[in-house]
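In what follows, a single structure is set out as structure tokens and then discussed.
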Amino acid sequence: MTYIPISPMERDAMLKTIGVKTIDELFKDVPAKHRFPELKLPAAVTEMEAAADMDDLALGNESLRDLVSFLGAGAYNHYIPAVVDHILRRGEFYTAYTPYQPEIAQGTLQAIFEYQSLITALTGMEVSNASHYDGATAVAEAVNLAYAQFRGKRNRVVISPAVHPQYRAVVRTYTQGMGIELAGDDARADLEAGPEALGALVDDNTALVIIQYPDFFGRIHDPAALIEQAHARGALVCVAANPTALALLKTPGELGADIVVGEGQPLGIPLSYGGPYLGFFATRRQYVHKMAGRLVGETEDNRGQRAYVLTLTAREQHIKRDRATSNICTNQGLMALASAVYLAVVGRSGLRQVAELCFHKAHYAAETLGKLPGFSLCFSAPFFHEFSLCCPKPVQEINRHLLEHGILGGYDLGQDYPALKDHMLLAVTEMNTKDDIDALAGVLAEVCHG
Amino acid sequence: MTYIPISPMERDAMLKTIGVKTIDELFKDVPAKHRFPELKLPAAVTEMEAAADMDDLALGNESLRDLVSFLGAGAYNHYIPAVVDHILRRGEFYTAYTPYQPEIAQGTLQAIFEYQSLITALTGMEVSNASHYDGATAVAEAVNLAYAQFRGKRNRVVISPAVHPQYRAVVRTYTQGMGIELAGDDARADLEAGPEALGALVDDNTALVIIQYPDFFGRIHDPAALIEQAHARGALVCVAANPTALALLKTPGELGADIVVGEGQPLGIPLSYGGPYLGFFATRRQYVHKMAGRLVGETEDNRGQRAYVLTLTAREQHIKRDRATSNICTNQGLMALASAVYLAVVGRSGLRQVAELCFHKAHYAAETLGKLPGFSLCFSAPFFHEFSLCCPKPVQEINRHLLEHGILGGYDLGQDYPALKDHMLLAVTEMNTKDDIDALAGVLAEVCHG
Amino acid sequence: MAKIIEPTLFELSSPGRTGVTFPQSDVPPASLPENLLRGILPLPELAEVDVVRHYMRLSGFNYSVDAGFYPLGSCTMKYNPKINEDTARLPGFAATHPLQPIETVQGNLVMMYTLQEWLKEIAGFAAVSLQPAAGAHGELTGVLMMRAYHHSRGDAKRKKMLIPDSAHGTNPASSGMIGLDIVQIPSDARGNVDLASLRSACDDSVVGLMLTNPNTLGLFDEHVEEVIRIVHECGGLVYGDGANLNALLGIVRPGDLGIDLMHFNLHKTFSTPHGGGGPGSGPVGAAAHLVDFLPAPIVGIVEEGTSETPPLYGFIDPAHSIGRVKAFHGHVGMIVRAFTYIAMHGADGLRQIAEYAVLNANYLLARLRATFPVPYDRICMHEFVAEGRLAGTDIRALDIAKRLMDYDFHPPTNYFPLIVHEALMIEPTETENKATLDAFAEALIKIAAEARTEPQLLHEAPHKTPFGRMDDVKAARELVLCCWLPPQDGK
Amino acid sequence: MAKIIEPTLFELSSPGRTGVTFPQSDVPPASLPENLLRGILPLPELAEVDVVRHYMRLSGFNYSVDAGFYPLGSCTMKYNPKINEDTARLPGFAATHPLQPIETVQGNLVMMYTLQEWLKEIAGFAAVSLQPAAGAHGELTGVLMMRAYHHSRGDAKRKKMLIPDSAHGTNPASSGMIGLDIVQIPSDARGNVDLASLRSACDDSVVGLMLTNPNTLGLFDEHVEEVIRIVHECGGLVYGDGANLNALLGIVRPGDLGIDLMHFNLHKTFSTPHGGGGPGSGPVGAAAHLVDFLPAPIVGIVEEGTSETPPLYGFIDPAHSIGRVKAFHGHVGMIVRAFTYIAMHGADGLRQIAEYAVLNANYLLARLRATFPVPYDRICMHEFVAEGRLAGTDIRALDIAKRLMDYDFHPPTNYFPLIVHEALMIEPTETENKATLDAFAEALIKIAAEARTEPQLLHEAPHKTPFGRMDDVKAARELVLCCWLPPQDGK
Ligand SMILES: Cc1ncc(COP(=O)(O)O)c(C=O)c1O
Ligand SMILES: Cc1ncc(COP(=O)(O)O)c(C=O)c1O
């Protein structure tokens with residue numbers, strides 16, 4: 001089935017206007033020996049068949065509709081109000097391009113402007129861009145900003161080992177071959193050490209210090225001291241924050257951060273096996289010219305109406321080309337819209353409720369599980385909605401058992417941190433009931449006996 | 001959770017403007033002894049809980065996503081192109097009222113006008129109204145039209161026993177106490193007899209003759225002779241047609257019908273356990289003033305633009321009150337829209353394809369099943385996509401077996417027609433593959449041996 | 001020739017273009033009955049993109065609750081929560097066939113049974129049928145039940161239905177449709193049923209009274225119990241038109257007042273969307289003495305549960321049922337939405353709905369009574385009726401309604417109820433905020449001023465909508481009711 | 001003060017109003033870390049209805065493919081089939097967590113593996129990674145792979161990336177971002193890569209060439225094989241910017257031409273919608289010698305199947321991978337859509353896409369070349385670039401673009417590619433019908449006439465859109481980038 005609305009008659013009339021006899025003639029510039037290859041693809045199916053085939057494929061997954069999940073580690077199972085997808089399904093939003101023509105794109109532009117406003121409100125920062133691909137690439141772009149800010153003269157980036165391992169991996173990828181030295185990116189480091197320990201790694205060559213808040217293990221450390229230390233050396237500080245936690249916690253802005261980034265998925269975006277998600281990126285006004293990505297600003301049209309446009313475009317690839325801070329072009333527009341609708345509809349009290357539910361339930365779970373014979377909590381720091389549980393058996397083995405009981409267990413920290421062999425990172429959200437948690441405890445208790 | 005957007009502060013300001021102190025004061029006209037009853041309802045849940053609860057309830061059903069279905073009997077499992085629901089989900093359509101204010105309802109009005117046009121094209125008639133509740137009530141309204149047409153002077157309605165039993169039941173309900181004599185409404189009648197046999201029942205007191213096309217058993221009889229007979233007696237003829245079949249078959253219009261009604265559910269409307277569906281109703285121009293329901297006509301606005309309005313409203317309840325042909329007010333607007341989108345997107349060739357697939361697959365099924373030892377086809381007339389199979393065991397018992405194999409068997413005709421004990425009415429559509437049919441045959445063969 | 005703003009599907013069609021296509025057949029072909037086949041199938045030929053764009057453009061011509069304030073009196077145009085749209089589309093509900101064995105659809109049946117129970121509790125009835133498709137269909141069901149009740153008692157002479165003059169047109173139409181004679185009962189000066197007239201109409205030929213309370217003036221009848229007593233005393237029954245139940249949720253149960261039977265409009269009170277004209281859903285509740293007459297079947301427990309197994313839900317035919325009023329079991333898609341809605345509200349939430357619906361209406365009344373005449377001016381329920389006339393001007397309600405569109409509001413209901421001249425019937429519902437109500441009141445006040453200073457503005461309104469005033473006469477005279485012509489190409 | 005057409009979410013907010021709320025906690029409360037808590041959470045306070053109406057109104061200000069013709073050159077704004085939106089939302093896909101054990105997500109993994117295979121086959125590569133998030137992200141991935149390849153061969157001196165002057169800005173930006181030096185290669189008079197310049201730029205310091213073919217003029221390079229040979233001869237690699245693959249589906253496989261690696265834009269060629277700016281998806285394909293450098297991980301078979309059991313799909317790290325380019329496994333939501341789309345098209349359908357995309361572009365070119373200068377005028381592929389100037393007028397491309405809006409068309413891309421003055425880059429795509437193309441051509445021809453008769457009409461355009469021309473300078477000067485202010489109420 002195709003979506004081509006041209007009948008053979010119309011095609012012939014068009015060929016005549018063009019002045020050729022066949023469509024094939026239009027391709028004479030293509031080297032003949034490679035022209036018109038036979039593609040070995042399955043025969044085309046109609047929509048009806050495709051719908052059924054995709055249903056079958058989807059049924060090949062066990063989804064969080066069927067399983068009770070305690071898996072987090074950077075992607076969280078939150079409730080998404082129905083209204084979010086209802087708005088995303090409006091063709092006016094999802095079938096538009098980047099708003100290059102503001103006269104006929106004010107819907108998108110105002111929506112981004114509001115998204116920027118919501119992100120600054122949440123993070124306590126002054127400016128936000130229109131999005132990055134995800135939390136990991138947003139962190140990497142923070143490195144770019146800092147590197148550019150010091151005109152490449154500071155080559156050291158300090159990153160906490162308690163930053164998400166995949167975020168650190170992406171920073172390594174992005175910075176490879178640039179002569180940037182990554183300090184602190186060591187999975188064998190002392191994980192009990194608070195952020196202050198990182199301070200020792202900051203020197204006068206340091207462009208940026210990166211921490212996560214709450215960190216990868218769910219812990220909430222007060223980063224104020226570290227930020228002071230970093231600033232004393234002239235370095236910038238980037239905080240990768242969980243946006244749900246920011247409903248409760250002091251904002252990175254208050255705490256002195258220069259850049260706040262993070263994964264926006266918890267704000268109304270489906271898990272979708274890892275994407276598309278949303279990298280948010282906020283900073284202080286003074287760095288706005290170094291910031292990557294689209295930026296929407298308020299203005300007026302020639303009828304005296306308040307309106308919005310893409311602004312400071314001179315930073316971007318289409319103008320600055322090889323001297324642009326980033327190459328980003330297509331971003332996560334629709335996901336930014338999803339998060340804005342989410343934040344609007346849960347609002348001030350709803351987001352706080354979600355955050356508190358996460359907090360209380362995670363603490364109930366930690367307390368319940370930490371008391372199970374053979375299990376123990378691994379860190380003592382305050383935490384938000386994720387915590388590390390030291391287990392009496394390999395995590396994979398435990399998870400296999402849990403799965404038999406319809407429970408998706410936590411993340412195996414041993415894959416990333418040798419010292420955390422047999423440690424499981426568990427996430428608890430508003431989606432987990434007390435019964436779920438008690439059931440988890442029940443199965444874990446069994447496993448330990450087995 | 002409520003949807004009330006008024007804060008306590010605002011409420012108080014409003015009460016002040018009204019001149020009362022509390023909301024309760026607004027209800028002083030309500031007899032005190034019954035005021036403010038305590039309703040025993042379950043505690044309110046939030047959206048998140050409601051979503052989960054409804055998911056659970058829905059999982060309490062075995063749906064046609066899980067089962068292979070051969071059940072029809074008035075509601076058919078057809079493929080619904082994705083685009084249909086995408087358009088239905090537009091708030092502009094589904095959250096509007098009946099288009100009483102045409103200046104701001106041209107979307108609905110033009111959509112209905114097009115629906116009317118599609119129905120007349122399909123049925124071969126001259127005018128269509130904007131919908132009835134379902135096929136059954138559309139048949140009952142045809143009786144009203146005919147009764148009104150003869151100003152109550154003809155009191156006999158002839159209805160074929162091969163009209164859907166539930167449609168006949170609804171006609172009985174609607175006509176009770178009106179002194180209308182229903183002839184032919186006899187489940188013990190000779191079901192082999194063609195439409196001509198009905199002719200014998202038509203007399204000079206007959207207002208209307210009602211047949212189904214294809215009939216309840218799926219059979220296609222040429223009704224031309226009966227229609228001639230009826231017309232010779234001055235009676236009107238109503239044909240209740242399956243709209244999918246009309247892609248293939250001579251239109252009732254061509255065949256001389258005066259009224260064509262039917263169940264529009266096959267045209268892109270989900271099965272939804274029986275509703276909401278769509279009663280379509282078309283007739284000849286001369287009866288338009290007696291027709292019930294909304295009617296949209298073309299006109300112009302005061303800017304010279306082509307536009308549409310509700311017209312001939314003087315027929316309706318809000319003007320004619322007790323002398324209106326029908327009391328219908330709210331109809332099936334959104335379902336009419338669904339059918340119009342469906343017809344538009346499958347179009348001339350697609351609907352014909354659907355009809356042919358139904359036809360060929362049903363005939364393959366009939367041939368395959370009819371040859372199974374112990375089974376036989378019960379009628380010899382040509383049929384469309386439904387046929388009656390005479391079974392060696394009670395239908396309920398067979399269906400229980402089929403269900404164990406994930407197959408939803410056919411309709412037990414014995415419930416309605418004593419002579420058809422152990423007869424199953426099977427429907428086959430484009431949704432059934434050859435494999436499905438062969439699997440059905442396999443299980444039936446087993447059942448017969450067991 | 002009128003200017004075409006959006007061509008019809010038929011005008012957009014182009015020969016040979018296709019949209020959604022279907023698979024090749026996987027069975028051997030059977031031969032089609034040649035003598036029974038039609039010629040041309042004159043449907044349009046369009047691609048999917050053509051269809052989408054067409055309906056996108058059409059949708060842009062509509063006003064809707066999702067877009068703004070829609071105070072259409074008597075229609076309860078409240079906001080329709082989006083979650084309801086999702087629950088109704090769950091394949092577990094939407095992909096079930098009405099004739100499946102009950103064992104395979106216990107989810108549907110539990111839900112329907114529970115909704116019956118909830119509606120009974122909310123309105124004070126002994127049983128509920130979910131079968132009727134809309135309010136008027138509920139009325140038809142109700143009047144048939146009333147007559148059947150009398151007949152069952154050997155009382156066949158009752159032929160008169162009493163209907164207040166403020167009633168909605170469907171009330172007399174429903175009664176007229178089954179052959180009853182209508183007796184109109186006037187309203188008194190305070191908008192109540194006129195007791196004297198009622199008394200004098202009541203005799204042993206009365207089937208009953210169709211009572212809308214609060215009535216279509218938005219007023220709670222101050223003698224409702226007396227009214228009901230009078231009808232009952234002559235042996236008649238009282239039917240409640242439940243279109244205005246939104247004002248009564250948790251405030252009073254119609255059954256407790258003595259109403260014998262009533263329809264609910266799920267598409268008003270319980271927020272299932274109106275769909276541009278439907279579908280609705282009009283369940284009927286009945287007091288104990290009428291339960292046996294409800295349409296067949298209703299959902300019930302057909303096998304009691306045990307401590308281990310839940311009960312089995314199925315269908316039960318009431319003993320003296322009037323029969324079926326439609327095929328299958330009612331508008332289940334709407335039932336899912338209403339169920340979701342009630343579950344989310346609970347008893348307190350329902351009462352708040354009524355409270356705020358009434359608060360909002362009285363607030364608007366308070367803001368507007370100085371500007372527009374309000375003939376029955378007392379504390380109203382969920383709506384009130386003003387007169388769209390302004391002393392010293394030739395402005396009519398219609399002009400005001402059309403001018404409101406220029407302020408981006410949907411107009412109130414016009415010219416109904418019939419007992420108010422130039423009626424403007426305003427029902428804000430509980431889902432509107434104060435800012436919206438204020439803006440609406442201010443627009444109306446401004447329009448009243450315009451009526452004096454620039455009456456043409458109103459006579460020629462609307463100006464800012466995509467379409468202007470319509471030529472209704474042309475439509476009725478020319479009666480162009482469809483737009484296809486047999487195509488010329490003979491295909 | 002500018003007139004506010006639609007208030008912001010913050011302006012609509014009202015203290016104490018709530019939208020979606022959450023259940024009470026069912027666990028004993030833990031004590032919050034008081035010293036770490038924030039003060040005010042300055043988010044708006046809105047009801048669901050407020051939110052819906054706000055976004056309804058905003059959506060009405062947008063032009064979109066669903067609404068009309070969107071010939072935005074280089075962006076391939078084709079119609080997005082609705083079925084793809086449904087398949088991507090199936091809970092089986094949308095509700096899976098990226099870190100689930102692979103045994104529980106074989107549906108996802110089979111699908112991703114199959115899409116990798118299909119993309120390999122369509123473009124002629126040995127392996128594909130689905131990880132990159134968009135075209136530019138694919139480019140970054142590609143240039144990192146190119147450098148890693150050279151380094152792996154002990155060749156660390158290569159620092160120069162050759163980029164034709166017609167290239168998209170992301171090409172130089174991607175190379176610049178990883179510290180490469182860009183050498184711009186001019187185009188020849190026929191719009192091809194200038195061979196002489198290319199030859200003289202090629203030496204052993206060259207990492208490679210970033211080639212867009214068809215290029216951003218919409219032209220297929222007449223010496224593409226020669227271009228590739230020249231780069232290969234100096235030891236460089238050729239990166240293909242696959243943004244324009246729509247023209248080549250089933251026509252020629254970039255890999256067959258000698259392209260070493262390339263990104264796909266699923267959000268162009270394979271019709272995943274643009275979302276008002278994203279998300280996209282930019283898989284990268286690599287020839288055999290580059291497979292080991294792909295981002296980690298890619299989807300592969302980790303346990304072969306048997307006659308009874310299917311293979312087990314999982315993740316495999318390429319031997320010399322450049323590492324991860326993002327968290328998790330790519331934009332799976334977009335991958336489902338592209339998979340659905342390709343499955344529905346098959347080989348023949350894909351070729352038709354290219355054929356009709358090219359037919360439509362050449363048809364528009366034929367209809368417009370008499371009206372607007374076309375600097376590189378030969379048979380084009382899926383798009384072409386005209387100049388938006390008209391002799392004897394002071395009209396600019398921008399004026400024409402804005403005026404097109406009054407005819408209800410989205411304008412073409414302006415001012416890109418940079419090598420054409422006043423560029424109007426027109427890409428109709430294959431999903432537009434002849435009537436639309438004709439109407440568009442006629443509108444442009446009419447605008448050209450207006451440019452001579454009523455130039456003000458163009459200078460001041462658009463007139464019929466909800467907003468007029470923007471003051472870009474004010475935006476950049478005042479830099480108002482967000483709209484919230486700490487609320488005054490201290491809550
Ligand atoms: C007071 C009243 N009664 C009855 C009805 C009829 O209900 P329905 O339109 O659902 O048939 C209406 C509908 O507007 C109404 O307002
Ligand atoms: C030719 C070309 N290359 C690269 C890109 C960048 O792709 P993306 O926007 O997906 O990052 C684009 C996007 O417009 C493009 O047109």
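Side chains included, hydrogens not; waters and symmetry mates left out as well; all remaining heavy atoms used. The chains referred to below are lettered A, B, ... by the order of the sequence lines, with proteins before strands, and numbering in each begins at 1.
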Fill in the blank from the handout: Whatever's closer than 4.5 Å to a heavy atom in chain A on D:D348 counts as neither
Practice task
Examine distances only and state if a side-chain atom of A:T2 and a backbone atom of D:G349 form a donor-acceptor pair shorter than 3.5 Å.
Solution key: no
Problem - Segment of A:I87 engaging chain D (4.5 angstrom heavy-atom cut-off) - result: side chain
Handout entry: CD on D:Q100 to CG on A:L408, rounded to 0.5 Å
Key = 5.0 Å
Handout entry: Residue A:V309 versus chain D: region with a heavy atom under 4.5 Å
Key = side chain
Problem - Donor-acceptor pair between A:Q166 and D:K326 side chains, under 3.5 angstrom - result: no
Handout entry: Distance (rounded to the nearest 0.5 Å) between A:L271 CG and D:L99 CG
Key = 10.0 Å
Practice task
Identify which part of D:Q352 has an atom lying under 4.5 Å from any heavy atom of chain A, answering side chain, backbone, both or neither.
Solution key: both
Handout entry: Which portion of A:E356 sits near chain D, non-hydrogen atoms under 4.5 angstrom
Key = side chain
Handout entry: Part of A:L59 within contact of chain D (heavy atom distance under 4.5 Å)
Key = neither
Exercise for the section: Taking all heavy atoms of D:L37 and all of A:K250, pick out the closest pair and write down the distance. Expected result: O-CG, 3.4 Å
Practice task
Could you look at A:T108 and say if it's the side chain, the backbone, both or neither that has a heavy atom under 4.5 Å from chain D?
Solution key: both
Exercise for the section: Could you look at A:V127 and say if it's the side chain, the backbone, both or neither that has a heavy atom under 4.5 Å from chain D? Expected result: side chain
Practice task
Under 4.5 Å heavy-atom distance to chain A, tell me which part of D:E460 shows up: side chain, backbone, both or neither.
Solution key: backbone
Exercise for the section: Below 4.5 Å from any heavy atom of chain D, which atoms of A:A344 appear? Answer side chain, backbone, both or neither. Expected result: both
Handout entry: Side-chain (A:D322) to main-chain (D:P172) donor-acceptor, under 3.5 angstrom
Key = no
Fill in the blank from the handout: Minimal heavy-atom distance between A:T299 and D:D471, with the atoms involved, is OG1-O, 2.6 Å
Exercise for the section: For the pair D:E121 (side chain) and A:K40 (backbone), establish whether a donor and an acceptor sit closer than 3.5 Å, ignoring hydrogens and angles. Expected result: yes
Practice task
Examine distances only and state if a side-chain atom of D:D26 and a backbone atom of A:T433 form a donor-acceptor pair shorter than 3.5 Å.
Solution key: no
Exercise for the section: Classify the angle between the aromatic ring planes of A:Y277 and D:F328 as parallel (below 30°), tilted (30 to 60°) or perpendicular (above 60°). Expected result: perpendicular
Practice task
Kindly say whether A:D85 contributes a backbone atom to a donor-acceptor pair with the side chain of D:R89 at under 3.5 angstrom?
Solution key: no
Problem - Nearest-0.5 Å distance, NE2 of residue A:H34 to CZ of residue D:R253 - result: 10.0 Å
Practice task
With a 4.5 angstrom heavy-atom cut-off, could you sort out which part of D:L350 is near chain A: side chain, backbone, both or neither?
Solution key: side chain
Practice task
Can you tell which part of D:T8 gets under 4.5 Å to a heavy atom of chain A, answering side chain, backbone, both or neither?
Solution key: both
Problem - A:E114 (side chain) donor-acceptor with D:L9 (main chain) under 3.5 angstrom - result: yes
Exercise for the section: For the pair D:H97 (side chain) and A:A75 (backbone), establish whether a donor and an acceptor sit closer than 3.5 Å, ignoring hydrogens and angles. Expected result: yes
Problem - Proximal component of A:A340, with respect to chain D [non-hydrogen, under 4.5 Å] - result: both
Exercise for the section: With the side chain counted from C-beta on, respond yes when D:H345 and A:L41 share a heavy-atom pair under 4.5 Å apart, and no when they do not. Expected result: no
Exercise for the section: Against chain A, label D:I322 side chain, backbone, both or neither, depending on which of its atoms sit under 4.5 Å from a heavy atom there. Expected result: both
Exercise for the section: Under 4.5 Å, counting heavy-atom pairs only, tell me which of D:N80, D:L219, D:V358 racks up the most with chain A. Expected result: D:V358
Exercise for the section: Identify which part of A:I319 has an atom lying under 4.5 Å from any heavy atom of chain D, answering side chain, backbone, both or neither. Expected result: neither
Problem - Sole candidate of D:N108, D:T96, D:T104 that passes side-chain hydrogen bond (donor to acceptor under 3.5 Å, both in side chains) when paired with A:N61 - result: D:N108
Exercise for the section: Using non-hydrogen atoms and a 4.5 Å limit, figure out which bit of A:N399 sits close to chain D: side chain, backbone, both or neither. Expected result: neither
Handout entry: Which atoms of A:L249 approach chain D - backbone, side chain, both or neither, heavy atom under 4.5 Å
Key = both
Fill in the blank from the handout: Whatever's closer than 4.5 Å to a heavy atom in chain A on D:L90 counts as side chain
Exercise for the section: State whether the side chain of D:H331 and the backbone N or O of A:G275 hold a donor-acceptor pair below 3.5 Å, judged by distance alone. Expected result: no
Practice task
Identify the two heavy atoms, one from A:P31 and one from D:L257, that lie closest to each other, and give their separation to 0.1 Å.
Solution key: CG-CD2, 3.8 Å
Problem - Parallel, tilted or perpendicular: rings of D:Y55 and A:F93 (30°, 60°) - result: perpendicular
Practice task
Can you tell which part of D:L72 gets under 4.5 Å to a heavy atom of chain A, answering side chain, backbone, both or neither?
Solution key: side chain
Completion exercise
Looking only at heavy atoms, the pair that brings A:A307 and D:F467 closest together is CB-CD2, 4.0 Å
Problem - chain A contact via D:M405 - side chain, backbone, both or neither, heavy atoms under 4.5 Å - result: side chain
Completion exercise
Checked D:A476, D:A366, D:A136 vs chain A; the most non-hydrogen pairs under 4.5 Å come from D:A136
Exercise for the section: Considering non-hydrogen atoms only, spot the tightest contact between A:Q110 and D:H54 and give its length. Expected result: NE2-CE1, 3.6 Å
Practice task
Kindly indicate whether the side chain of D:I353, heavy atoms from C-beta on, has any atom under 4.5 Å from the side chain of A:Y3.
Solution key: no
Practice task
Against chain A, label D:K402 side chain, backbone, both or neither, depending on which of its atoms sit under 4.5 Å from a heavy atom there.
Solution key: side chain
Practice task
Name the region of D:R351, side chain, backbone, both or neither, that has any atom closer than 4.5 Å to a heavy atom of chain A.
Solution key: side chain
Exercise for the section: Below 4.5 Å from any heavy atom of chain D, which atoms of A:R90 appear? Answer side chain, backbone, both or neither. Expected result: side chain
Problem - Heavy-atom donor-acceptor pair, A:Q305 side chain to D:P466 backbone, under 3.5 Å - result: yes
Exercise for the section: Would you confirm whether A:Q353, through its side chain, and D:F22, through its main-chain N or O, come within 3.5 Å as a donor-acceptor pair? Expected result: yes
Practice task
Would you mind checking which part of A:E316 comes under 4.5 Å of any heavy atom in chain D, side chain (CB onward), backbone (N, CA, C, O), both or neither?
Solution key: neither
Practice task
Counting only heavy atoms closer than 4.5 Å, note whether D:V336 contacts chain A via side chain, backbone, both or neither.
Solution key: both
Problem - Segment of D:M177 engaging chain A (4.5 angstrom heavy-atom cut-off) - result: both
Exercise for the section: Let me know if D:Y70 has heavy atoms under 4.5 Å from chain A in its side chain, its backbone, both or neither. Expected result: side chain
Handout entry: Contacting moiety of A:R11, where chain D heavy atoms sit under 4.5 Å
Key = both
Exercise for the section: Looking only at non-hydrogen atoms, find the nearest pair between D:A327 and A:A136 and report the distance. Expected result: N-CB, 3.8 Å
